[in-house]
Amino acid sequence: NLGLFIKTDNSQQYGGNQIQSSTMTALEQFSSPTNVTSKDDGYAWTPNIAVDQNSHAMYVAYEKKDGDVTNLYIKRSDDGGKTFSDPVRVNDKPGAVFLDGRVPPNVKIGPKGEVYVLWVKGDPAPKLFMTALRGLVLAVSTDGAKTFSPAITVADNEPLADRSFHALEVSGDGKIYVGWLESPAKKLDNGTIVADSSIDPTIRFVRSLDGGHTFAHSIALDKNQCER
C-alpha cells in the first residue's frame, strides 16, 4: 500500500509557497518530503493529486501566478513521488484560471488512464462575491498529461450563474460526474452582472457520457445550502 501526503510550505527557506509530497508505505511512516515544485517555479497554490491504479503514475496539479495571470499546471511521477516531470500547463487559454485557496482543481483518472482536470475560471464582475463570475472548465489528457484538450465549459448554455466549490468523479465505464454550488446572477441593462436574489442558490449535478466532450443539462439537488 502506498499513501501520499501533499502540503504547501510557505517558509522563508523556500522563498515562497512550494508544493511538497511525502509517500507512506506503512502507518505513520512517511518519507522525507520531496519538492514537487521548486523556487524556480514561483508561488504554487491549491495542490491536488490523483494516482492511476493501473500504471501507478502519480499526478499533482497546482495553480500559480505567471505575472498578472494565474495558470494551472500538472506534473507526473512514475517512481512513487521521488521525482516529477516538468510542468505542463492544463488551461489552453493563458490566465483562464481563478485562484481561490478554498477551491483547488480536481484531478481524476479514467478507466483507460485518461487524466481529467476540473477547475474554476473567472470573468471580471465587480458587483459579485469574489468580484468575478466564476465558471467550471474541464480538460482531458489521453497521453499521460503530456498534452491536454481545449477546455470545455460545464453548463455553458445554462442560465447565468456563479459556479464554484465543485467535485469531479469518473466512473469505471468512463462516465463523468460534476457537482457544484451555484449562485444565480443576472445582467442589468447597462451590462453589469449582479447576484439574482430572486432565485435560490442551489447544489447542481451534471454528467457526460462521451468523455467530457458534451454535458447533459444539470439538475438541482438541493437549495439554500450556502449563503451568498
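Hydrogens, waters and symmetry mates are skipped; everything else that's a heavy atom, side chains included, is used.
- For the salt bridge (Lys or Arg N to Asp or Glu O under 4.0 Å) test, residues two or more places apart in sequence or in another chain that qualify with E182 are R163.
- A pairwise comparison of heavy atoms in S141 and A145 identifies OG-N, 2.9 Å as the closest pair.
- A ring-ring contact (aromatic ring centres under 6.0 Å, His included) check over residues 92-126, counting only residues at least two apart or in different chains, returns nothing.
- Note on F205: it clusters hydrophobically with I203, by side-chain heavy-atom contacts below 4.5 Å among ILVMFWY residues.
- Within the structure, every pair that satisfies the salt bridge (Lys or Arg N to Asp or Glu O under 4.0 Å) test and touches residues 53-70, not counting sequence neighbours, is listed here: K64-D66.
- The hydrophobic clustering, which links ILVMFWY residues whose side-chain heavy atoms are closer than 4.5 Å, places F165 and L221 together.
- Nearest heavy-atom pair across P184 and A161 is CA-CB, 4.0 Å.
- Residues V60 and N48 fail the side-chain proximity criterion, which asks for heavy atoms closer than 4.5 Å.
- Rounding to the nearest 0.5 Å gives a distance of 11.0 Å between CG of D156 and CG of L136.
- A 4.5 Å side-chain heavy-atom check between E158 and S218 finds at least one atom pair inside the cut-off.
- Applying side-chain contact (heavy atoms from CB on, under 4.5 Å) to L72 and the options V90, V137, V120 leaves one that passes, V90.
- Taken from CG in L160 to CD1 in I193, the straight-line distance is 5.0 Å, to the nearest 0.5 Å.
- Pairs passing the side chain to side chain donor-acceptor pair (under 3.5 Å) check and including a residue from residues 168-178, sequence neighbours excluded, read K108-E169, S171-D173, D173-K175.
- Applying the salt bridge (Lys or Arg N to Asp or Glu O under 4.0 Å) definition to pairs two or more places apart or across chains, those involving residues 71-81 are D41-K75, R76-D78.
- Across all their heavy atoms, A132 and G122 have their closest contact at CB-CA, 4.4 Å.
- Around CZ of R207, the count of heavy atoms belonging to other residues, nucleotides or ligands within 6.0 Å does not exceed 12.
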- request: Give the C-alpha distance, both sets of side-chain angles, the deciding distance and a yes or no for side-chain contact (heavy atoms from CB on, under 4.5 Å) between V194 and L188.
  value: CA-CA 7 Å; V194 298; L188 303 180; 4.0 Å; yes
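- The closest side-chain heavy-atom distance from L168 to I176 is below 4.5 Å.
- The main-chain N or O of P104 is found under 3.5 Å from a side-chain atom of H166 such that the two form a donor-acceptor pair.
- Under the side-chain contact (heavy atoms from CB on, under 4.5 Å) criterion, N157 pairs with no residue at all, not counting sequence neighbours.
- Pairs engaging residues 130-157 under the ring-ring contact (aromatic ring centres under 6.0 Å, His included) rule: none recorded [sequence neighbours left out].
- Taking CZ of F215 as the reference point, atom OG1 of T153 lies at 10.0 Å (rounded to 0.5 Å).
- Using a 4.5 Å cut-off on side-chain heavy atoms (C-beta onward), R89 and P94 make contact.
- V97 and L99 fall into different hydrophobic clusters, where Ile, Leu, Val, Met, Phe, Trp and Tyr side chains are chained together by heavy-atom contacts under 4.5 Å.
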field: Trace of the side-chain contact (heavy atoms from CB on, under 4.5 Å) decision for N35 with F84
entry: CA-CA 9 Å; N35 282 343; F84 285 85; over 6 Å; no
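- Heavy-atom minimum distance, T37 versus A44: OG1-CB, 3.9 Å.
- No continuous path of hydrophobic side-chain contacts links L133 to M130 [ILVMFWY only; heavy atoms under 4.5 Å].
- Residues V154 and W180 form a side-chain contact, since some pair of their non-hydrogen atoms from C-beta on lies under 4.5 Å apart.
- Listed by chain and number, the residues in a side-chain contact (heavy atoms from CB on, under 4.5 Å) with P111 are E114, V170 (sequence neighbours excluded).
- Atom-to-atom distance recorded for D92:CG and N71:CG is 10.5 Å, nearest 0.5 angstrom.
- To the nearest 0.5 Å, the span separating CG on N190 from OG1 on T192 amounts to 3.5 Å.
- Think of V69 as one node in a network of Ile, Leu, Val, Met, Phe, Trp and Tyr side chains linked at under 4.5 Å; it has no links at all.
- With rounding to the nearest 0.5 Å, the separation of CG in L209 from OG1 in T214 is 7.5 Å.
- Under a 3.5 Å cut-off, the side chain of T202 and the backbone N or O of R204 do not form any donor-acceptor pair.
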query: Do S208 and D210 pass the side-chain hydrogen bond (donor to acceptor under 3.5 Å, both in side chains) test, and can you show the C-alpha distance, the side-chain angles, and the key distance before you say yes or no?
result: CA-CA 6 Å; S208 172; D210 58 7; 2.9 Å; yes
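- V206 and V103 fall within the same hydrophobic cluster, where Ile, Leu, Val, Met, Phe, Trp and Tyr residues are linked whenever their side-chain heavy atoms come under 4.5 Å apart, directly or through other members.
- For residues 126-150, the salt bridge (Lys or Arg N to Asp or Glu O under 4.0 Å) pairs, not counting sequence neighbours, are D100-R134, R134-D162.
- Every pair tested for salt bridge (Lys or Arg N to Asp or Glu O under 4.0 Å) that includes a residue from residues 183-194 fails, sequence neighbours excluded, so the list is empty.
- Annotation: salt bridge (Lys or Arg N to Asp or Glu O under 4.0 Å) contacts of D123 (sequence neighbours excluded): none.
- Partner of P105 under the side-chain contact (heavy atoms from CB on, under 4.5 Å) criterion, out of I74, L118, T46: T46 alone.
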